[in-house]
Amino acid sequence: GMSSSLFCDDSHMIVGNSACSYWGNRDTGFHKMTANYSSVEAEGLLTNVEDMANWLKNFDQARIGSNKIIEILHTKGKLSSGKEINYGLGLYKGLYKGLNWFGHCGGTAGFRSKLVYYPDHKFGVVVLCNLVTIDPGALIQQVTDIYLEDYLKPGKIEKDKVEFKTIDLKPEVYDTYTGYYKLSNGIIMSFGRWKNRYLAEMLGMRSFEIYATSETRFFTGNHKMLITFHREEGKVNHIVVTEEGNDSTGHKITDPTPE
């Protein structure tokens, strides 16, 4: 079973063997990030690698729930236009170097996590991190490249790509977006401009260039992230960051200091 997992519905609860999360690097120093809220949902789950491994096994064994429930979890979502997307009722599905996989990612404060399962090989990887700058998805790919090396198909990587056309955006338009935004998962993003380059940064990480596809929408060079700015009463007050089928809303803040 999952004997080490629980939902933290009291932010003052003392949980033994629990890790703290951090932001920063060797140059800036490391700083503690605290999730000071209580929730019985994804961000309130405290767990470990062993329990999450058991959760992955359940997709084959269905010891908890039923095969019907597992089937529902695998159901892909549909947009109002009828177009099918790769994110469904709790799982994201895709292909990595020819391998079918499903899984999910998560994050709050400085915690970052991802789990991926390759059903055709009954092989899964769980990565739980407590530093905001770590990319668990990249680590999972490295592990996969080692353990499933004989089954990979280099050169035939099937990857969901959304092709965006860039537009020439006036710098003064982008300047209205500059500042700090706190996402629902605790990450703080900042936006600025250097000459005619538009830059974004996740607090404690390197900045990266973003490109305008409209006056309000921007994407990263690897097409992994889409950022949309929203206005209310003429003022920009929040953003929506879309990554791997997940949306995170961020509201504009004046003080970027982590809580």
Side-chain angles (χ1 to χ4, degrees), residues 1-8 15-23 33 35 39-65 67 69-76 86-152 157-160 183-187 202 205 224-225 243-246 248:
M2 299 175 66
S3 58
S4 297
S5 300
L6 72 152
F7 284 99
C8 184
V15 181
N17 299 317
S18 59
C20 296
S21 71
Y22 304 88
W23 68 276
M33 294 185 72
S39 61
V40 183
E41 56 184 36
E43 293 182 356
L45 176 66
L46 301 182
T47 188
N48 59 20
V49 170
E50 290 79 8
D51 277 11
M52 293 313 296
N54 285 332
W55 178 250
L56 286 180
K57 291 178 184 177
N58 193 65
F59 284 100
D60 283 328
Q61 302 168 355
R63 293 175 57 191
I64 299 176
N67 289 324
I69 291 177
I70 299 297
E71 181 183 341
I72 291 174
L73 288 173
H74 282 281
T75 302
K76 290 185 177 182
N86 284 341
Y87 188 74
L89 301 177
L91 291 173
Y92 191 86
K93 307 181 73 172
L95 284 170
Y96 174 69
K97 295 185 177 180
L99 304 178
N100 290 302
W101 69 270
F102 63 81
H104 211 292
C105 58
T108 185
F111 295 108
R112 297 293 175 268
S113 63
K114 188 168 185 177
L115 57 84
V116 165
Y117 192 66
Y118 301 92
D120 298 333
H121 303 279
K122 298 189 183 301
F123 178 79
V125 186
V126 177
V127 176
L128 306 178
C129 312
N130 65 333
L131 180 62
V132 69
T133 53
I134 296 178
D135 182 354
L139 295 176
I140 285 178
Q141 290 180 354
Q142 292 177 34
V143 173
T144 301
D145 289 347
I146 294 173
Y147 280 87
L148 297 181
E149 180 181 8
D150 294 339
Y151 304 98
L152 302 180
I157 302 177
E158 301 291 341
K159 187 175 181 181
D160 299 317
L183 302 182
S184 54
N185 57 13
I187 295 176
M202 292 186 177
M205 302 176 67
K224 286 186 176 181
M225 182 185 295
E243 190 173 16
E244 292 193 346
N246 299 315
S248 295

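Remember, predicted model here, so these are calculated numbers, not experimental data.
Between Leu148 and Phe123, the shortest heavy-atom contact is CD1-CD2, 3.7 Å. In this structure, Leu45 and Ser5 approach most closely via the heavy-atom pair CD1-CB, 4.3 Å. When every heavy atom of Gly137 is checked against every heavy atom of Lys114, the shortest pair comes out as CA-CD, 3.8 Å. Residue Trp101 comes nearest to Val116 through the heavy atom pair CB-CG1, 3.8 Å, listed as atom of the first residue, atom of the second, then distance.
Between atom CG of residue Leu128 and atom CG of residue Leu139 there is a gap of 11.0 Å, rounded to the nearest 0.5 Å. Taken from CG in Leu152 to CD1 in Ile146, the straight-line distance is 11.0 Å, to the nearest 0.5 Å. Of the inter-residue distances, the one linking Asp51 atom CG with Leu46 atom CG reads 11.0 Å to the nearest 0.5 angstrom. The structure places NZ of Lys122 at 12.5 Å from CG of Leu56, a figure rounded to the nearest 0.5 Å. One finds the OG atom of Ser113 at 9.0 Å from the CD1 atom of Ile140 (value rounded to the nearest 0.5 Å). Note that CD1 of Ile72 is 11.5 Å distant from CG of Asn67, once rounded to the nearest 0.5 Å.
Between Leu73 and Phe59 there is a side-chain heavy-atom pair separated by less than 4.5 Å. For the pair Ile70 and Asn58, the minimum side-chain heavy-atom distance is below 4.5 Å.
Considering only residues two or more places apart in sequence or on other chains, Tyr117 meets the ring pair (Phe, Tyr, Trp, His ring centres under 6.0 Å) condition with Phe102. Applying the side-chain hydrogen bond (donor to acceptor under 3.5 Å, both in side chains) test to Asn54 and every residue at least two apart in sequence or in another chain returns nothing. The side-chain hydrogen bond (donor to acceptor under 3.5 Å, both in side chains) search around Asn100 returns Asp120, not counting sequence neighbours.
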Does the pair Met2 and Met52 meet the rule for a side chain to side chain contact (heavy atoms under 4.5 Å, CB included), with working shown? CA-CA 8 Å; Met2 299 175 66; Met52 293 313 296; 4.3 Å; yes
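Between the side chain of Asn130 and the backbone N or O of Ala19 there is no donor-acceptor pair closer than 3.5 Å.
Residues Thr144 and Tyr118 have side chains that bring a donor and an acceptor to within less than 3.5 angstrom of each other.
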